[in-house]
Each structure stands twice: as C-alpha cells, then as structure tokens.
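In what follows, a structure is listed as structure tokens, so that the remarks can point back to it.
Below, chains carry the letters A, B, ... as their sequence lines are ordered, and counting in each starts from 1.
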Amino acid sequence: MENIDYARLQMAFTLGFHIIFACIGMVMPFFMIVSHYKWLKTRKPVHLQLTKAWQKGVAIFFVTGAVSGTALSFELGLLWPEFMKHAGPVIGMPFSLEGAAFFVEAIALGFYLYGWNKLPEKFHWFTGVIIGISGVLSGILVVSANAWMNAPSGFDVVNGEFTNIDPVAAFFNAAWFTQALHMTLAAFVATGFAVAGIHAFQIRRNKKPELHKEAFRISIFFGAVAAILQPLSGDLSAKDVAERQPVKLAAMEAHYETEKGAPLYIGGIVDEEEKSVSHKIEIPGALSFLAFGDFDAEVKGLNAFPEDELPPVSIVHYAFQTMVGIGTLLMLSGILFLISLKKKSWRDDRWFWWLFAILSPLGFLALEAGWTVTEVGRQPWIIYEVMRTSEAVTPMPGLQYSFYLYVLVYLSLAITVTWLMKRQIKVLNNSIG
Amino acid sequence: MLYVVLFFTFFSLFLYVLLGGADFGAGIVELFSSPENRKLNRETIYKVMGPIWEANHIWLIILIVILWIAFPMYFNIIITYLHIPITLILLGITMRGVAFIFRHYDAVVDESQIWYNRMFRISSLITPVFLGMSFGALVSGRIIVSPGPQHGFAEIFMLPWLNIFTLLTGFFYAALCAFLAATLLIGETEGEARKIYSRKSAIATIVLVILGGLVLLYGFLTDMAFVKDFVENPFSVAAILLSAVLLIPLWRAIRKERRVLARILAGSQILLVIFAAVNTHFPSLIISAEGDVNMLQGIAPEASINILGITLIVGGAIILPGLFHLMKSFNMIKFSIKEESKN
C-alpha cells in the first residue's frame with residue numbers, strides 16, 4: 001500500500017469513530033432534557049435518576065467527541081495539506097460557525113454539569129436545551145462543509161488557483177440541505193435505537209424495569225420518528241445525487257450500462273473485472289423512478305464515464321445496500337413501536353424487548369455505511385471534479401506509522417468507553433431507589 | 001477586517017496560552033506532587049477548572065480555524081513540516097481529555113483510577129512540551145519551505161523541531177503552564193494547601209526564569225536570527241523586563257491574598273511574554289531556512305477574510321459574555337466584596 005492509501009485509511013478510521021461519538025454527544029442531550037423536564041413536572045425520583053445517569057453519558061461522549069473532533073480538524077491539514085490550502089478560504093465559513101456553536105455548547109455544558117442546586121431550576125434546564133440545539137447546529141455546519149466537497153461552488157479555478165471566492169455561496173452549496181437533513185435524522189435514528197436497545201436489554205433482564213422502561217420510551221420515541229422520516233430524506237438525497245453526481249448513483253446501484261427505464265437492483269454480487277452484477281433482484285423501472293421521478297428516465301451507467309474517474313464500485317454498492325436495508329428494518333421497527341403504544345400487551349412479551357436489544361447497534365452500522373457511500377462514492381476526487389485525492393495528500397512519508405498509532409488509540413478509546421458505559425449501567429441497576 | 005482577524009488570532013493565542021496553559025499546568029503540578037498532595041490537587045482542579053475545562057481548549061480550535069481560513073499558506077507550512085510534533089500534541093490532548101473525564105465520571109472508583117491519573121499527569125506534561133517545541137521550531141530558522149531532492153527525511157521532518165533550542169522552548173512553555181496553574185490555584189485554597197501551591201508557584205517561577213534565560217542565551221550563542229532580533233528590539237526587551245519586574249507585585253499580591261490582582265498580574269505577564277515574542281518579528285512569525293515567511297503574504301481573498309471577521313465579531317459577542325458569566329458563576333473570576341474587606 002502506498003502513502004495515500006494509509007492517509008485515506010487513517011481518515012476513514014478516525015472519521016468513522018468521531019461520527020459515532022459525535023452523534024451520541026449530539027442526540028443524548030435531547031433524551032436528557034426530556035427526562036429532566038419530566039422530573040421538574042412530576043418530581044418522580046426515577047426521572048431525576050435517569051437524567052443524572054444520562055448526563056454522565058453526555059459528558060463522556062461530549063468529551064470523546066470533542067477530542068476526536070479536535071484531532072480531525074488537525075488531521076484535515078496533516079493528511080491533506082494541499083486540500084486545506086485551497087479549500088480553507090472557501091469553506092472556512094461553516095467551520096468558523098461550527099467553532100462558535102461548539103463553544104456555546106461547551107459553555108452550556110459547563111453550566112449544566114455543575115449547575116445542579118446552584119442555578120435556578122428552569123435556567124439550569126434551559127442550559128441543557130442549549131447543549132442540544134448547539135450540538136445539532138455544529139453537526140449541520142460540519143456536514144455543510146463536507147457537502148461542498150460533493151457539490152463545490154462559490155469559486156472559480158483559474159490556472160490551478162481558486163479565485164472569485166464567495167464563502168456564502170460555498171456554504172449554501174447544492175448538497176448541503178439534503179446531506180445535513182439526512183445526517184441529522186440518521187444521528188437521531190442511530191442514537192435513539194442504540195440507547196433504547198441498551199435499556200430494552202436491561203428490561204429483558206428485569207433490572208430496574210421502571211427506570212429502564214422510562215428510558216426506553218424517551219429514546220425510542222426519537223429514534224422511531226426519525227426512522228420513519230428518514231426514507232423521505234433518503235429520496236431527496238437520491239434525486240440530488242442522481243442529478244449532481246451521476247457516477248456516484250451508478251456506483252451505488254452498480255449499474256454499468258446506460259439505459260432508459262433502469263431497474264432497481266436489490267442485493268447482487270459485483271464483479272468489477274467483468275463489469276457485471278449477478279444474483280440480484282430486479283425491480284423494473286424503479287431506479288429511473290427513484291432517481292428522476294419518471295419510470296422511463298435515462299440513468300447513466302458507469303461505462304459512460306472515463307475509467308480513471310470511477311469510484312470502487314463494489315464497496316459503494318454494498319455500503320448503499322447495507323444502509324438502505326437497515327434503514328428499512330429500523331423504519332418498520334419504529335412503526336411497530338408506535339403500534340405498541342396502542343397494543344400495550346406486546347410489551348409484556350419477551351420478543352418485543354429482544355427485538356429492540358438486537359437492533360441496538362444497527363443504526364450506527366447504517367450510518368457508517370452511509371458515510372462510506374458519500375466518501376468512497378466521490379473518489380477519486382477530494383473536491384468533486386476539481387481536485388483529486390492524490391493531489392491533496394501530504395508529502396510526509398511513513399504515514400503507516402501514524403495510521404497504526406491512531407488505530408491503537410481509537411480502539412482503546414472505544415473499548416474503554418464501552419467498558420465505562422457498562423459500569424455506569426451496573427451502578428445504576430444496583431443503586432437504591 | 002484583516003485587523004479584526006489578526007486581533008482574534010492573537011487573542012485566541014493569548015487565551016489558549018493562558019487558560020489552556022493553566023489547565024496543562026494543573027496536571028504538571030500534580031505530577032510533581034507527593035502522593036498525599038496529589039489527591040488534594042485532583043479535587044482542587046476539578047472544582048476550579050471543571051466547569052470551564054472544555055472551553056479552555058476550544059481556543060486552540062478557534063486558532064487553527066482562523067489560521068487555515070485566513071492564512072492558508074502559513075497553515076500549510078506549519079501542518080506539513082511539523083507533522084510529527086503536531087500528531088504527538090493531538091495524542092496528548094486526546095489522552096489528557098479522556099483521562100480527565102474518565103477519572104471524574106467513572107461510576108466505579110477502583111484501581112483503574114491509577115491509570116486515569118497516570119495518563120492525565122503524563123500527558124499534561126508532554127503536550128505543552130511539544131506545543132512549545134513547535135512554537136520554537138517556527139522561529140528557529142530550520143524549516144525548509146521548499147525542500148529539494150538533496151534533503152533527507154530527517155532534515156525536512158525531524159531536525160526543524162527536534163533540537164536543543166526547541167527542547168528548551170518546550171520546557172520553557174511547560175514551566176510557564178506550571179507557574180500559571182500554581183498561581184491560579186493559590187487563590188482557591190486555604191491553609192496547608194495554600195502553602196503547597198505557593199511553594200509550587202515559587203519553584204515554577206524560578207525554573208521559568210532559568211529556562212527563559214537559557215533559551216535566549218543558547219539562541220544568542222548559536223547566532224539564531226530570531227533571538228538576535230529579539231535582543232535588539234527595545235520593545236520586546238522592555239516587555240520581558242517588565243514581565244520579570246511584575247513578579248514582585250505578584251508575590252506581594254499573593255501574600256496579601258489579593259486573588260483578583262494576582263490573576264490580573266499573572267495574565268499580564270503572559271501577555272507581555274507573548275507580545276515580546278510576536279513583536280520581534282511580526283508579520284514574519286515563521287523564520288525558515290530560506291528566510292522570513294511573511295504572515296500577510298498569501299492570505300485568503302478579501303471575501304473570506306470579511307466573512308471570517310464578521311463571524312468572529314458575532315461569535316465573540318455571543319461567546320465571550322457567556323464564557324465570562326460561566327467563569328463568574330463558578331468563581332473563576334472574583335470580584336467579591338469579601339475579598340476587599342480582607343485587606
């Protein structure tokens with residue numbers, strides 16, 4: 001493997017981890033403030049206990065999200081200095097706003113964590129609301145910067161230099177809205193189902209069922225609503241990608257031939273050498289419809305593009321299938337939960353809790369798969385049709401060592417955080433009250 | 001708008017050195033404490049630093065974001081040729097951050113605390129040393145901005161930041177952090193603990209002055225352009241001297257338990273040290289093997305600078321009062337009448 005491959009692996013690895021930490025840190029405050037609100041209203045100790053337990057989760061994930069984010073802001077430069085040199089002045093706006101939002105979040109977190117019994121009750125709760133809002137804002141802003149890499153705008157390239165820079169136009173690039181919407185919903189789906197699943201498992205074990213049922217209700221509600229909305233946002237994204245990045249759409253669907261009335265492939269094994277897909281289920285005309293709202297529309301195939309501008313097709317295709325498959329499963333489970341609000345008897349059955357416990361990690365799997373589609377699907381470009389990834393990489397040799405170092409650090413971090421969460425739950429289950 | 005951006009660049013640098021530095025310093029003080037004092041230190045810094053702990057480090061992010069938006073060429077040089085120390089700094093920041101949160105938020109208190117503490121203390125020392133080394137590397141005239149095939153890996157990526165001068169600046173910065181932390185913590189403690197921090201602060205001050213002298217002496221003896229210009233710049237020399245003279249009222253203020261004054265004095269000293277260093281060569285804050293690299297050349301186009309300036313003003317208007325209120329709420333900044341009546 002060459003230097004650039006290690007740079008890409010390191011970026012993928014650190015981004016992959018940061019996304020998980022950041023999503024949990026972004027969504028959990030909402031669970032926490034709902035529970036906190038219930039405590040202020042009902043004064044039932046179970047709500048206070050839950051709020052304080054989730055607050056510890058928020059603190060741990062905020063910090064791990066923050067340090068991995070700090071690392072990323074440097075890594076962008078460390079690994080891709082040529083990219084940052086040109087892109088910095090163009091997409092700096094969302095990043096500087098994100099810095100501000102993040103700062104507000106850190107200040108609000110300071111107030112919230114240390115404010116119990118010190119601040120007026122309502123103000124204290126309100127600082128929690130600010131944590132939630134500024135967290136979501138940070139997420140949207142960062143995604144907007146990434147969207148620019150897919151839909152570069154707000155500058156002209158003259159003799160290799162970026163001129164006529166318009167940071168506002170770059171910020172509101174064509175992809176920012178669909179990407180930010182899709183990502184925000186994904187964060188709520190993934191975290192909602194993950195947290196709900198952990199509590200479902202505890203209910204299944206019959207540990208403190210009252211507390212865990214309350215926790216389950218709050219978290220799954222966010223997850224279910226987001227999961228049901230997500231296909232709508234997915235549809236918007238698909239239409240957007242079809243128009244802007246036809247080669248990415250072709251890779252997602254593994255379509256080699258350009259055709260009218262293109263079928264949708266479900267599953268399938270990609271042979272990149274033979275340029276064919278076997279063992280797939282075909283739904284006639286469905287891809288044309290999903291991409292362009294017309295069963296007869298023409299969908300460009302991979303063969304219509306130069307060989308050296310194709311992304312790794314099989315990775316993108318499998319990742320896309322994984323994302324859509326899990327998304328559908330979670331949406332159906334979300335509907336199931338909403339029905340269970342009426343059919344309360346389901347909740348006395350063991351399968352109900354088992355189901356949600358098993359679903360727990362799937363949202364994050366879908367989320368990672370989704371990012372794989374976005375990022376790998378854009379290759380070989382770092383800025384779509386403007387700058388190649390190979391032109392952006394650092395001249396510093398020996399990147400494999402830095403890659404190994406990051407793998408070691410992030411893996412131990414992930415293991416430690418998981419272990420800490422287990423300890424938190426254990427203590428919570430054994431506590432009195 | 002360029003002036004606004006420049007102001008915030010140095011303002012962020014100042015606050016990061018001051019607040020982030022005090023934060024690192026707290027870990028260094030803990031590292032060099034006896035086991036029984038470590039526990040006291042741990043609790044004190046959690047009480048004092050806890051609420052603003054995270055905010056202290058965001059100044060670094062702000063600084064980085066400003067650099068890569070407004071001064072992309074500068075950022076490119078820093079990030080490419082200081083790849084290794086910056087990676088180590090990141091590792092230190094990560095380790096330190098998670099260790100701090102683990103040791104205070106782990107639900108079970110057992111032997112794992114030993115590891116969290118160890119990780120926290122060691123990374124508290126290592127991170128500022130590498131930060132200081134990186135600062136030193138930028139002005140030591142060894143970075144090769146346009147390397148050719150005749151330059152080897154070590155020459156391009158190692159020697160610029162790994163030499164006696166940068167090591168001295170690294171330790172100088174670490175001592176500065178320890179000085180800040182000890183001075184800050186004196187004001188938060190009573191009785192025996194107060195004596196401990198006073199002693200730490202005194203030791204840190206002595207180490208700081210010695211290391212500062214060594215940095216200048218070594219740079220002078222090896223004909224380093226930055227140090228030569230520094231010595232010949234009357235404003236820089238005056239600032240450093242004033243900073244040293246301020247140690248006297250600082251110690252008086254500490255003895256008389258005037259916390260506000262002590263903090264203002266310590267902060268002013270840092271401001272003077274930064275001013276002295278920056279003033280010497282501004283706007284050429286990087287001195288490479290090929291000569292001065294002007295910060296104001298190769299800056300971002302006006303549109304980017306303007307948007308950034310507006311963001312910084314608006315962001316500052318929201319953040320700074322919030323931060324101030326936070327620090328005030330949790331007694332980081334004191335204006336108490338109680339204190340006045342003491343004297």
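Shortest non-hydrogen contact noted between B:Trp68 and A:Ser73 is NE1-O, 4.1 Å. Nearest heavy-atom pair, B:Gly322 versus A:Phe111, reported as atom, atom and distance to 0.1 Å: O-CE1, 4.1 Å. Across all their heavy atoms, B:Thr311 and A:Ser96 have their closest contact at CG2-OG, 3.6 Å. For the pair B:Ser304 and A:Pro89, the tightest heavy-atom approach, listed with the atom from each and the gap, is OG-O, 2.7 Å.
Neither the backbone nor the side chain of B:Leu67 comes within contact range of chain A; no heavy atoms are under 4.5 Å apart. Of the atoms belonging to B:Ile79, heavy atoms from both backbone and side chain fall under 4.5 Å from chain A. For chain A, the nearby parts of B:Tyr46 are the backbone and the side chain; heavy atoms of each come within less than 4.5 Å. With a threshold of 4.5 angstrom between heavy atoms, B:Thr94 approaches chain A through its backbone and through its side chain. With a 4.5 Å cut-off on non-hydrogen atoms, B:Ile319 touches chain A through its backbone and its side chain both. Contact annotation for A:Phe62: only side-chain heavy atoms (C-beta onward) come within less than 4.5 Å of a heavy atom of chain B. Only the side chain of A:Tyr406 comes within less than 4.5 Å of a heavy atom of chain B; its backbone N, CA, C and O stay farther away. Heavy-atom distances place both the backbone and the side chain of B:Tyr105 under 4.5 Å from chain A. For chain B, the nearby part of A:Pro167 is the side chain; its heavy atoms alone come within less than 4.5 Å. The contact between A:Leu113 and chain B is made entirely by side chain atoms (from C-beta outward), counting heavy-atom distances below 4.5 Å. Only the side chain of A:Leu399 comes within less than 4.5 Å of a heavy atom in chain B; its backbone stays farther off. Proximity to chain A (any heavy atom under 4.5 Å) is restricted, for B:Leu91, to the side chain, taken from C-beta onward. Proximity to chain B is absent for every atom of A:Leu109, based on heavy atoms less than 4.5 angstrom apart. Only the side chain of A:Lys118 comes within less than 4.5 Å of a heavy atom of chain B; its backbone N, CA, C and O stay farther away. If you measure heavy-atom distances from A:Thr70 to chain B, the contacts under 4.5 Å come from both the backbone and the side chain.
Looking only at side-chain heavy atoms (C-beta outward), B:Ile86 and A:Leu78 come within less than 4.5 Å of each other. Residues A:Trp419 and B:Asp106 meet the side-chain proximity criterion, which asks for heavy atoms closer than 4.5 Å. Counting heavy atoms from C-beta on, the side chains of A:Tyr401 and B:Ile84 never come closer than 4.5 Å. Here the side chains of A:Glu105 and B:Ile58 are not in contact, with every heavy-atom distance at 4.5 Å or above. The closest side-chain heavy-atom distance from A:Phe162 to B:Pro301 is not below 4.5 Å. With a 4.5 Å cut-off on side-chain heavy atoms, B:Met95 and A:Val409 count as touching. Residues B:Asn76 and A:Glu82 meet the side-chain proximity criterion, which asks for heavy atoms closer than 4.5 Å. Side-chain atoms of B:Asp110 and A:Arg423, non-hydrogen and from C-beta on, do get closer than 4.5 Å to each other.
A:Trp116 CH2: more than 12 foreign heavy atoms inside a 6.0 Å radius.
Rounding to the nearest 0.5 Å gives a distance of 11.0 Å between OG of A:Ser68 and CG of B:Leu90.
B:His325 and A:Phe123 have perpendicular rings, their planes meeting at more than 60° on a 0 to 90° scale where under 30° would count as parallel.
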Going through the distances and angles, do A:Phe103 and B:Ile318 end up as a side-chain contact (heavy atoms from CB on, under 4.5 Å)? CA-CA 10 Å; A:Phe103 219 133; B:Ile318 299 168; over 6 Å; no
